[in-house]
Amino acid sequence: MIIYKRKDEIERIRQSALLVSKTLGMIARELKPGVTGLYLDKLAEEYIRDHGGIPGFKGLYDFPNTLCISPNAQVVHGIPSDKPFEEGDIVSIDCGVYMNGFYGDHAYTFEVGEVDEEVKKLLRVTKEALYKGIDQMRKGKRLGDISHAIQTHAESHGYGVVKELVGHGLGRKMHEDPQVPNYGKPGRGKKLKDGLVLAIEPMINMGTERINQLADGWTILTADGKPSAHFEHDVALINGKPEILSTFYYIYDALGMESDEEDMFRNQPLVLENY
Ligand code: MG
Ligand code: MG
């Protein structure tokens, strides 16, 4: 059953989402060759608790850490390790926060130092697919329109769309209805209406869409060992239009990057706070 949110509930989800955004901004400053996932995980947990939140993933379904850290061929759900990141790695970092009764949950795939052009393209196209999906989250559209937009963009570049893992509704629970697959048919599925809050999260592989799971019971990786990217935003349907509740702008600020990619999905300009 889909739980539609009131405006005040959406504002609380926004606060949780923005604490994730700031955490990822802080992480962006720290992630470099030689640093380990376990170190980043410790920083993230301290940061979230210092800012009044609770790590949303830690203990959820018995996940052991604050961050899911999935380098290179790992798709999602990677467990932070003591293996240092290396120049040329890509690292998908997914983070959740629980605060004031609501969850925030979003993810970004980072580049460590200089990354191959081919891999950069995978990241760019996956992020584009995310925004193409978000752009479909409008009154009168259907869930399948979001899914289809993501799939067609990724597949037009020859990439594999992971089917087994999906986006989701977000609210008092981390994972609510509906499921938001990254593949589907246009005009199918539930009709979208105001108050819907979704975590939209394409997981796109450079090669085959097939995946395996490690014996740790968590880590998902590509079956062919090629890289995979993951970008996730939390989005609310307000006045018939999509509004992004999370932001990548803290990450861009930390990395000295310029972007206005989210502006068309926000009612008023976002003012960055200290982080
Ligand atoms: Mg996530
Ligand atoms: Mg999610």
Side-chain angles (χ1 to χ4, degrees), residues 2-3 5 10 13-28 37 40-41 44-45 47-48 53-71 74-80 90-99 102-110 123 126-127 129-131 133-134 137 143 146-147 150 161-183 196-204 211 218-221 228-237 242 244-248 250-251:
I2 298 176
I3 303 167
K5 276 78 182 181
I10 291 173
I13 298 172
R14 191 198 305 272
Q15 291 314 312
S16 297
L18 288 175
L19 182 48
V20 175
S21 307
K22 290 178 194 173
T23 305
L24 292 178
M26 179 275 295
I27 289 295
L40 297 182
D41 187 71
E45 176 165 4
Y47 187 89
I48 291 167
I54 295 170
F57 295 164
K58 200 169 186 173
L60 186 71
Y61 318 117
D62 289 328
F63 188 76
N65 292 88
T66 295
L67 301 176
C68 293
I69 300 186
S70 312
Q74 294 187 12
V75 179
V76 287
H77 300 169
I79 297 176
I90 56 166
V91 185
S92 300
I93 301 187
D94 197 345
C95 180
V97 157
Y98 182 72
M99 192 168 64
F102 288 86
Y103 281 96
D105 165 29
H106 67 107
Y108 192 88
T109 302
F110 295 87
L123 303 190
T126 304
K127 202 196 289 172
L130 168 61
Y131 289 112
I134 290 171
M137 191 174 163
L143 262 183
I146 298 174
S147 305
I150 293 170
V161 176
V162 174
K163 304 282 199 317
E164 291 87 341
L165 299 144
V166 296
H168 50 95
L170 181 75
R172 290 188 183 276
K173 292 202 176 129
M174 171 75 77
H175 297 117
E176 295 185 354
D177 286 339
Q179 293 200 342
V180 187
N182 295 304
Y183 65 98
L196 181 67
V197 179
L198 300 177
I200 301 178
E201 47 179 318
M203 289 153 256
I204 306 297
I211 54 171
W218 282 106
T219 312
I220 304 290
L221 66 176
S228 181
H230 179 215
F231 291 88
E232 178 178 24
H233 267 312
D234 301 333
V235 191
L237 211 163
I244 297 186
L245 305 177
S246 48
T247 182
F248 295 151
Y250 285 101
I251 295 170

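Keep in mind the model is a prediction, meaning the values are calculated, not measured. Just follow the structure's listing: the first ligand is 1, and inside any ligand the first atom is 1.
- In summary, the aromatic rings of His233 and Tyr131 are positioned with their centroids under 6.0 Å apart.
- Closest approach between the Mg ion (ligand 2) and any N/O/S atom of Glu232 involves OE2.
- Residue side and main chain included, Glu201 places no N/O/S atom under 2.8 Å of the Mg ion (ligand 1).
- Results of the side chain to side chain contact (heavy atoms under 4.5 Å, CB included) test with Lys5 over Leu170, Leu196, Ile13, Leu237 single out Ile13 as the only residue that passes.
- A donor-acceptor pair under 3.5 Å links the side-chain atoms of Asp41 to the main chain of Thr66, judged by distance alone.
- For the pair Pro80/Leu40, no side-chain contact is recorded, criterion being any heavy-atom separation below 4.5 Å from C-beta on.
- The Mg ion (ligand 2) has His168 among its coordinating residues (N/O/S atom, backbone or side chain, under 2.8 Å).
- The closest approach of Asp105 to the Mg ion (ligand 2), by N/O/S atoms, is made by OD2.
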